[in-house]
Amino acid sequence: MAARILRGQPVVDRLHRNIEQQIAALAAVEIVPTLAVVDATGDPSSALSASAREEACAMLGIQTQRLTLPASGAGRELIEHLRELAENPKVHAIMMEAPGSDEYASLHPNLRIPPEKDVDGLHPVNLGRLLAGNPLFVPATAAACVELLHHHEIPIAGKRVVIVGRSLVVGKPLALLMLAEDATVTLCHSRTRDLAYETRQAEILIVAAGQPELVTASMVTPGAVVLDVGTNVGPDGRVVGDVEQAGVNLVASALLPSKGGLGSVTTALLLWQVVEAARLRAEVKAAS
């Protein structure tokens with residue numbers, strides 16, 4: 001029997017309704033949520049991603065600003081622009097397009113974005129709050145996995161959750177979010193011995209390794225819930241996930257395919273955090 005396919009669109013619809021309600025409330029106090037995006041990747045795909053995000057913002061009533069810098073040689077400009085955005089009270093949220101160059105990474109741009117404007121959730125203060133169980137903003141892709149499970153009424157508490165991939169934007173924060181949901185979590189990575197053994201222990205398996213079709217049917221215990229977070233472009237231009245979908249679909253009880261809408265849920269959660277940043281700013285303004 002084929003797995004139940006999990007879809008992200010219903011989650012996006014609910015989040016958009018919540019965002020629109022919050023924006024209407026902020027309009028009553030003359031605040032328009034504003035997101036600034038800094039793109040110093042030099043990557044055309046990042047520009048396309050930024051454009052799609054701007055369209056989503058415009059549809060919901062969020063203002064955007066985009067700053068584009070060359071992929072190298074503009075470190076001083078990057079620092080200065082981040083300082084200006086950090087000090088601008090009309091900018092409520094700031095995010096950096098990824099991946100940036102090693103040159104810019106050495107300047108630690110995440111440290112130059114105030115935690116209350118860091119909607120990517122990558123400032124050490126926000127990561128520390130997540131670790132402490134008191135999150136403010138969290139990496140949106142990790143949060144999207146939890147939102148999808150909640151929406152589809154898949155229990156997490158007490159479950160054995162195995163996450164493949166230990167990135168700072170998905171694997172590590174997702175492990176903390178799952179622990180907060182009372183799951184028992186195993187975090188696997190490229191040095192994990194006998195990965196197939198570990199993945200077969202999972203009742204909920206989340207794969208975010210960035211390796212095409214890494215997880216096959218033989219690596220999944222029958223009845224497991226599987227979320228494919230990967231997006232990989234092969235030499236033939238075909239886009240595949242980190243899970244071999246055809247085989248796993250026959251073993252899992254539920255499957256989020258790589259094209260199942262996780263990206264749109266991630267974007268919606270990011271925009272929700274932009275609105276939340278504006279709301280928090282409004283509270284501070286009202287109290288001052």
Side-chain angles (χ1 to χ4, degrees), residues 34-58 62-88 91-115 117-124 126-127 137-144 165-174 190 208-212 229-235 237-242 258-259 262-274 277:
T34 300
L35 168 66
V37 178
V38 180
D39 183 358
T41 65
D43 182 0
S45 64
S46 292
L48 289 174
S49 175
S51 295
R53 194 181 303 111
E54 287 172 351
E55 289 179 8
C57 286
I62 298 172
Q63 288 189 353
T64 56
Q65 300 178 15
R66 193 198 314 186
L67 171 67
T68 303
L69 295 173
S72 63
R76 181 176 298 179
E77 291 87 344
L78 174 61
I79 292 171
E80 180 60 23
H81 284 301
L82 288 175
R83 184 190 64 78
E84 292 174 355
L85 292 171
E87 294 176 355
N88 187 344
V91 172
H92 305 105
I94 307 167
M95 63 171 293
M96 293 279 299
E97 288 287 348
S101 66
D102 291 341
E103 173 192 338
Y104 292 151
S106 68
L107 301 174
H108 304 291
N110 289 333
L111 294 178
R112 303 175 190 277
I113 300 173
K117 295 188 178 187
D118 167 42
V119 289
D120 275 330
L122 297 176
H123 191 284
N126 284 329
L127 292 171
F137 299 126
V138 302
T141 302
R166 55 178 170 178
S167 74
L168 198 58
V169 295
V170 184
K172 289 179 181 177
L174 182 53
S190 59
Q211 297 186 39
V229 183
T231 302
N232 310 280
V233 181
R238 189 170 65 99
V239 178
V240 298
D242 288 357
S258 62
K259 298 179 182 179
L262 184 67
S264 59
V265 177
T266 297
T267 298
L269 280 170
L270 176 69
L271 300 188
W272 168 254
Q273 296 195 144
V274 172

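Along the sequence shown, residues are numbered consecutively beginning with 1.
Distance CD/Glu97 to CG/Asp43: 9.0 Å, rounded to 0.5 Å. Residue Asn232 holds its CG atom at 10.5 Å from CZ of Arg238, rounded to the nearest 0.5 Å. Within the model, atoms CZ of Phe137 and CG of Asn126 stand 7.0 Å from one another, a figure rounded to the nearest 0.5 Å.
Looking at every heavy atom in both residues, Lys117 comes nearest to His92 through CG-O, 3.4 Å. When all heavy atoms of Leu174 and Ala142 are compared, the pair lying nearest together is CD1-O, 3.5 Å. Closest of all the heavy-atom pairs between Leu262 and Ala144 is CD1-CB, 3.6 Å. The minimum heavy-atom distance between Gly73 and Glu103, with the atom names listed, is N-OE2, 3.0 Å. Nearest approach of Pro70 to Tyr104, heavy atoms of both residues: O-OH, 2.7 Å. Across all their heavy atoms, Leu127 and Gly121 have their closest contact at CD2-O, 3.4 Å.
By the 4.5 Å heavy-atom criterion applied to side chains, Ser258 and Val240 are not counted as neighbours. Residues Val138 and Gln273 form a side-chain contact, since some pair of their non-hydrogen atoms from C-beta on lies under 4.5 Å apart. Residues Met96 and Leu78 form a side-chain contact, since some pair of their non-hydrogen atoms from C-beta on lies under 4.5 Å apart.
Looking at Pro109, Pro173, Pro139, Pro115 one by one, the single match for side chain to side chain contact (heavy atoms under 4.5 Å, CB included) with Leu122 turns out to be Pro139.
In this structure a side-chain-to-backbone donor-acceptor pair under 3.5 Å is missing from Asn110 to His123. A donor-acceptor pair is defined here as one N or O able to donate and one able to accept, closer than 3.5 Å; such a pair exists between the side chain of Arg112 and the backbone of Leu107. In this structure, the side chain of Ser101 engages the main chain of Ala71 through a donor-acceptor pair within 3.5 Å. Between the side chain of Asp242 and the backbone N or O of Ala209, at least one donor-acceptor pair lies under 3.5 Å.
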Please report the C-alpha distance between Arg53 and Val37 in whole Å, then the side-chain angles of each, then the deciding distance to 0.1 Å, and finally whether the side chain to side chain contact (heavy atoms under 4.5 Å, CB included) criterion is met. CA-CA 10 Å; Arg53 194 181 303 111; Val37 178; 4.0 Å; yes
Could you go through Gln65 and Leu85, starting from their C-alpha distance and side-chain angles, then the distance that decides it, and tell me whether this counts as side chain to side chain contact (heavy atoms under 4.5 Å, CB included)? CA-CA 10 Å; Gln65 300 178 15; Leu85 292 171; 3.9 Å; yes
Under the side chain to side chain contact (heavy atoms under 4.5 Å, CB included) criterion, do Leu82 and Ile94 qualify, and how do the steps go? CA-CA 8 Å; Leu82 288 175; Ile94 307 167; 4.2 Å; yes
Evaluate Leu270 against Asp120 for side chain to side chain contact (heavy atoms under 4.5 Å, CB included), listing each step before the verdict. CA-CA 7 Å; Leu270 176 69; Asp120 275 330; 4.1 Å; yes
Evaluate the criterion salt bridge (Lys or Arg N to Asp or Glu O under 4.0 Å) for residue pair Arg76 and Glu80; output intermediate values, then yes/no. CA-CA 6 Å; Arg76 181 176 298 179; Glu80 180 60 23; over 6 Å; no
